[in-house]
Participant: 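I'd like to ask some things about the structure below.
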Amino acid sequence: MMGPIPYGRQSIDDEDVAAVVEALRSDWLTTGPRVAEFEAAIATTAGVSDAITTSNGTAALHVAYAAAGVGPIDEVVVPALTFVATAAAAAQLGATIVFADVEEDTGNIDPRAAAALVNDATRVVAAVDYAGHPSDADALKTLTSASGALLLEDAAHSIASTYRGRPVGSLADITTFSFFPTKNMTTAEGGAVVTDDPALAEAARRFRNHGLVRDRALQRRPEEGPWHQEVHSLGLNYRLPDVLCALGLSQLRRIVEFKTARARVFDRYMDGLADVEGLTLPARRPDTDPMWHLFPIRVQGGRRREVFDFLRANGVLVQVNYIPVYWHPYFEDLGYRRGMCPVAERYYAEEISLPMYASLGESDQLRVIDLVRRALE
Ligand SMILES: *Cc1c(COP(=O)(O)O)cnc(C)c1O
């Protein structure tokens, strides 16, 4: 098959379709039993007590920052090499974003860089598990525990990855997932917040649902009547409907299959590209078992654009992840300047994300490998 090869795509089977159809024919399209069922399954996968599903991964970040109490007087430390949402969701709450540089091998936030930025105003340190490789959560947790900040893990890439034998979701104070179609599993649009802290979970649930308080014991005027509900703090509607939770439940049953398939793709790239000069392949630290979301290669010698264009011209729809967040004009206009996080900028300047998804067939992948080799000959 010689059609274009995307950099990422969903894997939907007949059982996924049947699960969605069943939900569509049920009494509940949204706010029904599949939400709690999917949340329980996500909490189990993450190794924590609570999961709060959301309408997408960006909403999950907004919910998580709000639950952490982020507001206008706070600083939030965010790695420079991430999708803009990691920073924008905290900026929406009025926080000042402080960008930390990343580690050369993984592209994840550098705990030493973060340590230099943390102060009394720091409410949250955010870590992003770039490409699915877990951040150095223990080093970051030591830092945030000492300073009184919370550690938030943006695990949009890394559901089902493990770090020192522990699942992503159980490493930080609060963790967010995305279920966008290119991610490790999908609900079309969707996301989740997970935590082991009951107060954070309660705050997250409330923000996700307009801030509504329905527990009579907590209401100011419960005598109004059985219909009464109160808003004590502002929230939004970020709910994930039953129809999509049904898809999520079905996808989650296939998570081990997905991880195995992605590992196979990863290994094939490592074998097929190991001897190519001018290429840096992704690193894996010995104490981690990533669920690979991306396969990021780094092209040395200023040839990234040339290789990218060659692959695109040959039907390989590669991507670049990510433009350093503070290069976006919104942040530039706030006074952030290029050169601030040199490791992240160099990573960006060299990076190309090769096709990486569970259903990527061997012949398509061999074609990608052959084209990368030819591009660098
Ligand atoms: C995809 C992604 C998000 C946002 O998730 P959506 O579901 O697309 O809103 C946030 N952070 C990172 C690192 C992502 O890759």
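In each ligand, atom 1 is the first atom listed, and ligand 1 is the first ligand listed.
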Participant: Does a donor on one side chain sit under 3.5 Å from an acceptor on the other, for Tyr130 and Glu103?
Facilitator: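 No - no donor-acceptor pair under 3.5 Å links their side chains.
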Participant: Let me know which protein residues bring a heavy atom to under 4.0 Å of ligand 1; chain then number is fine for ordering.
Facilitator: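 Within 4.0 Å of ligand 1, protein side: Asn56, Gly57, Thr58, Leu61, Thr82, Phe83, Thr86, Val128, Asp154, Ala156, His157, Ser178, Lys183, Gly190, Tyr322.
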Participant: Kindly state whether the ring of Trp327 and the ring of Tyr336 have centres lying under 6.0 angstrom apart.
Facilitator: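 For Trp327 and Tyr336, the ring centres are not under 6.0 Å apart.
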Participant: Going by side-chain heavy atoms closer than 4.5 Å, which hydrophobic residues are tied to Val213, directly or by a chain of links?
Facilitator: Leu218
Participant: Any donor-acceptor pair under 3.5 Å linking the side-chain atoms of His62 with those of Tyr238?
Facilitator: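 There is such a pair (donor and acceptor under 3.5 Å, judged by atom type) between the side chains of Tyr238 and His62.
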Participant: Would you please indicate if the ring centroids of Tyr357 and Phe258 are separated by under 6.0 Å?
Facilitator: no
Participant: With side chains defined as the heavy atoms from C-beta onward, is the minimum distance between Leu152 and Leu61 less than 4.5 Å?
Facilitator: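 Sidechains of Leu61 and Leu152: in contact.
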